[in-house]
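Take a look at the structure set out below.
Residue numbers count from 1 along this sequence. Worth knowing before you read on, the calculation uses all heavy atoms, side chains too, and leaves out hydrogens, waters and symmetry mates.
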Amino acid sequence: QVQLVESGGGSVQAGGSLRLSCAASGFSTSNYCMGWFRQAPGKEREGIAVINSDGSTRYADSVKGRFTISRDNAKNTVYLQMNSLKPEDTAMYYCAARRFRYCGGGEYNYWGQGTQVTVSS
């Protein structure tokens with residue numbers, strides 16, 4: 001059974017930091033593209049960060065310079081370090097996996113249930 005479970009969300013003040021974790025089971029993350037997405041009320045889902053099997057990364061302009069995605073294949077876990085948080089970062093954050101080594105165009109095959117991040121001004 002493939003499963004992704006996010007954790008680490010919560011409420012913080014603007015300028016604060018959070019680290020989200022995504023624990024995977026049922027497959028080895030080493031061979032997968034992994035990504036983080038978010039969705040705020042009334043808005044479409046936004047891809048914010050991806051990491052390829054080789055460790056290379058790409059970020060949305062909205063989070064570039066503030067967020068860092070990383071992976072620990074031994075722990076089968078992917079992380080999202082979020083610094084300098086802004087109220088507009090408030091959203092439900094989702095972890096996703098694509099069963100390819102590289103994060104080219106295409107759908108993600110597995111999704112977590114999400115973890116809420118709320119940033120107050």
### Task
Give the minimum heavy-atom separation between Gly35 and Tyr108, together with the two atoms involved.
N-CE2, 4.1 Å
### Task
Drop me the distance from Arg19's CZ to Gln81's CD, to the nearest 0.5 angstrom.
7.0 Å
### Query
When you look at Ser25 and Gln1, which way does the side chain to side chain contact (heavy atoms under 4.5 Å, CB included) test go after all the steps?
CA-CA 7 Å; Ser25 60; Gln1 180 182 3; over 6 Å; no
### Criterion salt bridge (charged side-chain N to carboxylate O under 4.0 Å, His left out) against Arg38, the qualifying member of Glu46, Glu44, Glu6
Glu46
## Note on the structure
In terms of heavy-atom contacts, Ala14 and Pro87 come closest through CB-CD, 4.1 Å
### Query
Linking I/L/V/M/F/W/Y whenever their side-chain heavy atoms sit closer than 4.5 Å, directly or via other members, would Val50 and Trp111 fall into one cluster?
yes
### Non-hydrogen atoms of Gly47 and Ala60 that approach each other most closely
O-CB, 3.5 Å
### Task
With side chain to side chain contact (heavy atoms under 4.5 Å, CB included) as the test, would you mind laying out the steps for Leu85 and Leu18 before giving the verdict?
CA-CA 8 Å; Leu85 284 163; Leu18 285 173; 4.2 Å; yes
### Query
Between Ala91 and Ala40, what is the shortest heavy-atom contact and its length?
CB-N, 3.9 Å
### Query
Are the ring centres of Phe67 and Trp36 closer than 6.0 Å?
no
### Query
Would Asn52 and Arg101 count as having a side-chain donor-acceptor pair, cut-off 3.5 Å?
no
### Message
If you define the side chain from C-beta out and look only at heavy atoms, does anything of Val63 sit under 4.5 Å from Lys86?
### Response
no
#### Entry: Joint cluster assignment, Phe37 & Leu20, ILVMFWY side-chain distance < 4.5 Å
no
### Message
Is any side-chain heavy atom of Tyr93 closer than 4.5 Å to one of Ile48?
### Response
yes
### Query
Linking I/L/V/M/F/W/Y whenever their side-chain heavy atoms sit closer than 4.5 Å, directly or via other members, would Met34 and Val2 fall into one cluster?
yes
#### Entry: 4.5 Å side-chain heavy-atom contact, Tyr102 and Cys33
no
#### Entry: Check: Ile69 and Tyr59 side chains under 4.5 Å, non-hydrogen atoms
yes
### Rounded distance (nearest 0.5 Å) linking atom OG of Ser21 with atom CG of Leu80
9.5 Å
#### Entry: Exceeds 12 heavy-atom contacts within 6.0 angstrom, atom CD of Gln113
no
### Message
Give me the atom names and distance for the closest heavy-atom approach of Val12 to Ser17.
### Response
CG1-O, 4.1 Å
### Query
Are Arg99 and Tyr32 linked by a side-chain donor-acceptor pair shorter than 3.5 Å?
no
### Task
Spell out, yes or no, whether Phe27 and Val78 are grouped together once hydrophobic residues are joined by side-chain heavy atoms under 4.5 Å, including indirect joins.
yes
### Task
List the steps and the verdict of side chain to side chain contact (heavy atoms under 4.5 Å, CB included) for Met82 and Val117.
CA-CA 10 Å; Met82 305 186 295; Val117 171; 3.8 Å; yes
### Message
Whether the side chain of Arg71 engages the backbone of Ile51 through a donor-acceptor N/O pair (distance < 3.5 Å, no angle test) should be reported.
### Response
yes
### Asn73 side chain near Lys75 side chain, heavy-atom distance below 4.5 Å
no
### Query
Any luck finding a side-chain donor-acceptor pair between Ser53 and Asn31 under 3.5 Å?
no
### Message
For Ser84 versus Arg66, what's the shortest heavy-atom pair and its separation?
### Response
O-NH1, 3.0 Å
### Task
State whether the side chain of Ser56 and the backbone N or O of Asp54 hold a donor-acceptor pair below 3.5 Å, judged by distance alone.
no
### Task
Kindly say whether Thr29 contributes a backbone atom to a donor-acceptor pair with the side chain of Asn76 at under 3.5 angstrom?
yes
### Message
Restricting to salt bridge (charged side-chain N to carboxylate O under 4.0 Å, His left out), what partner residues turn up for Asp61, sequence neighbours left out?
### Response
Lys64
### Task
Check step by step if side chain to side chain contact (heavy atoms under 4.5 Å, CB included) holds for Asp72 and Tyr79.
CA-CA 8 Å; Asp72 185 337; Tyr79 304 95; 4.0 Å; yes
